[in-house]
Amino acid sequence: MKGFPKDFLWGGATAANQYEGGWNEGGKGINTSDVMTAGSHTVPRRVTYKNINTGETGSLTGFGPNMKLPKDCIPAVIDGEYYPSHIATDFYHHYKEDIAYMGEMGFKTFRLSMNWARIFPNGDDKEPNENGLIFYAAVFDECAKYGIEPLVTLSHYETPINLTIKYGGWSNRKCIDFFETYAKTVFKYYEGKVKYWLTFNEINCMEFAPFVAGGLSDPSPQNKAQAAHNQFIASAKAVKAAHEINESIKVGQMLAYMPLYAYTCDPNDQLMVMEAAQTSLFYADVQTGGHYPAYRLKKYEREGIVLNTEPEDFELLEKYSADFLSFSCYGSTTITTHDDVSKTSGNLMMGIKNPYLATNAWGWATDPACLRIALNTLYDRYHKPLWIVENGIGWEDKKEADGSVHDTYRIDYLRKNIASMRDAINVDGVDLMGYTMWGCIDLVSAGTGEMKKRYGFVYVDRDDQGNGTLERSKKDSFYWYKNVIATHGENLD
Ligand code: BG6
């Protein structure tokens, strides 16, 4: 069995709001994730807010399609609430140690996100925050010591909160200009240090979680459609700016993609799958494919949605589509029009229980074949290089007294998933640039705000209430992944 190409970008992925911490240090502003409380598998995370006239406080479910702030209320950090993003697992103070672990595993790449509010604290500032720029420069220099190529997401579920309060979030076209300034600033500042960038994490989450994905204070269908359009234009402008600064900088799209299966061969189930797939693929059709697909234009027509566009928008989309398409893929989702089957939870999208697949404690189905299916579907549709930037399994790990963690379930999951990617490359000829396993150092779960849903190769001593020493220790999967990288994916045992 052949392995992976010698220049394959092996690594791990993180996001500032779940990993970095230092929420009010170094001149950083507050962003949308800083007002999200912790939740659990059964209790949703909340967004806290206060009334600007009365000072009264309250909260609403944050992850969900309908989070609308009450009149005169703004998102705010409230005394007495626990916000897991504030310290997270403290990459801010542990970056040297953490990057050394990545170096020891032989990482070729490290996906992290830059906290927009660390660079532009209010989002609309005229000048960047020098301390923020210096922090990430130090991170990239540390990566360079180990030959690790950074892959940087410009916005991973975090929008400076001022953009929500003052402009209503991404439904306002002004956000395009603010984002363009941000992108140009960091592309120039880190020229020579960072070659690979992503614009918006899981851009299609605008459908399911508009506050999280776009800082929207009012998620009406019109606002969501406009916010998505504005993020497409901002992404195209980022590609344009990057290429003008330096042709070798590559700016990719990031999509949440889970293959969908019909539960039965009932044609109604097949139609349901087709339509549900369009909900996600629409985002790649525009950002990677370069144009609005007919099915989405018809939907807008039916729903009376009229986009606010500029004459040059559509040319920009076509001319500056994404250089590559990256995506997250944790498993598959099974759906049906029949209602006599039990449900399980997926990553923001609910599905039903697939009798052929096992699930973890959070109800996520594990399905190695889905990576090969996803890679083929996306490669056939867009003919652009692909990059799996999130894949992994959340598990409640047990740390032994000697610091070891025997995570055989994680090794088993990754072994099968990596073999599936290998088939996509060697059997199907897919052009896959790299693989960054999600949450390579333990971090906060985005969906639940928990610490106990762990993904990492490295355990971090911190619990769901924010207790713990933040001490790091290697799990069994650490040594296993190190060997996978060293053998270019030939030895998965
Ligand atoms: C992806 C997100 O959807 O899934 C990550 O981009 C997230 O931010 C990951 O952490 C895993 O989800 P969760 O809810 O288990 O953290």
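Quick note: numbers below take in every heavy atom, side chains included, and nothing from hydrogens, waters or symmetry partners. In listed order, ligands and their atoms are each counted from 1. Owing to the predicted nature of the structure, the values given are computational and were not obtained by experimental measurement.
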Give the atoms of ligand 1, by number and element, whose distance to some non-hydrogen atom of [X] is under 4.0 Å.
X	answer
Lys453	13 (P), 14 (O), 15 (O)
Glu390	1 (C), 2 (C), 4 (O), 5 (C), 6 (O), 9 (C)
Ser445	13 (P), 14 (O), 15 (O), 16 (O)
Gly447	13 (P), 14 (O), 16 (O)
Tyr455	11 (C), 12 (O), 13 (P), 15 (O)

Any N or O on [X] sitting closer than 3.5 Å to an N or O of ligand 1?
X	value
Trp438	yes
Asn201	yes
Ala15	no
Glu202	yes
Ala446	yes

- request: Only counting residues at least two apart or in another chain, list the ones meeting side-chain hydrogen bond (donor to acceptor under 3.5 Å, both in side chains) with Ser321.
  value: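 Applying side-chain hydrogen bond (donor to acceptor under 3.5 Å, both in side chains) to Ser321 gives Lys384.
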
Residues which pass ring-ring contact (aromatic ring centres under 6.0 Å, His included) with Phe140, listed by chain and number, not counting sequence neighbours: Tyr190

query: Would the number of heavy atoms belonging to other residues, nucleotides or ligands and lying under 6.0 Å from CD1 of Ile74 be above 12?
result: yes

field: Residues Lys475, Asp442: salt bridge by 4.0 Å N-O rule
entry: yes

message: Tell me whether Lys452 is salt-bridged to Asp397, with the criterion being a basic N under 4.0 Å from an acidic carboxylate O.
response: no

task: For ligand 1, note which part of Tyr19 has a heavy atom under 4.0 Å away: side chain, backbone, both or neither.
output: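 It is neither; nothing of Tyr19 touches ligand 1.
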
- prompt: Taking atom types as modelled and ignoring hydrogens, do the side chains of Thr199 and Ser235 form a donor-acceptor contact shorter than 3.5 angstrom?
  reply: yes

- request: With ring-ring contact (aromatic ring centres under 6.0 Å, His included) as the test, would you mind laying out the steps for Tyr101 and Phe457 before giving the verdict?
  value: CA-CA 9 Å; Tyr101 280 124; Phe457 297 121; over 10 Å; no

- request: Supply the atom-to-atom distance Ile441 CD1 to Arg454 CZ, rounded to the nearest 0.5 angstrom.
  value: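 The CD1 atom of Ile441 sits 12.0 Å away from the CZ atom of Arg454.
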
